[in-house]
Amino acid sequence: MLDRLRTSGLKLTPQRLAIVKELAGDVTHPTAQELFDRLSSTLPTTSFATVYNTLGTLAEAGLCRLKSFGPGPARFDPNTEPHHHAVCDRCGSVTDVPIPAGTGATPSAGNSSVGEGFAVRAVERIYRGLCASCQGNVEAS
Ligand SMILES: [Zn+2]
Ligand SMILES: [Zn+2]
């Protein structure tokens, strides 16, 4: 992701570098607020608005993806390849689900339910249920 930031033509501001470093490789799909909290020690003078706007800029440049998995704030995903997500009903955790090679993400896979004339670029599914740790809590209570 850092390499892509360098080749994206975006100016390498300290904020952008710090945010990219924080987001790259993060598989938890953090919200802007979560990133802001984590960055408060690295970027103590940076406001939430700046972090939020920077994330928007990065998303526009294709360096990360803005995702909404339901109610609540949007989440940021450093994984820009098509992939599915598993979202926990209870704690809201979001986990990447890789698409098996050659299936799922191919345009033909989603054509049946898509209106005529719509060109499918990718198929990304959201699986909803309970994550492993929440299933454990259900059994314990
Ligand atoms: Zn959970
Ligand atoms: Zn993801």
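In what follows, residues are counted from 1 in the order of the sequence shown. Just follow the structure's listing: the first ligand is 1, and inside any ligand the first atom is 1.
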Where does the angle between the aromatic ring planes of H29 and F69 fall among parallel (under 30°), tilted (30 to 60°) and perpendicular (over 60°)? perpendicular
Test: D26 and K21 ion pair at under 4.0 Å: no
Would you mind checking if R65 and E124 are paired as a salt bridge, meaning a charged N to carboxylate O distance below 4.0 Å? yes
Considering just N/O/S atoms, say which atom of [X] is closest to the Zn ion (ligand 2).
{"X": "D96", "answer": "OD1"}
{"X": "H29", "answer": "NE2"}
{"X": "D77", "answer": "OD2"}

Just to confirm my numbers, could you give the angle made at the Zn ion (ligand 1) by SG of C134 and SG of C91, rounded to 10°? 110°
Checking T54 side chain against T50 main chain: does a donor-acceptor pair fall under 3.5 Å? yes
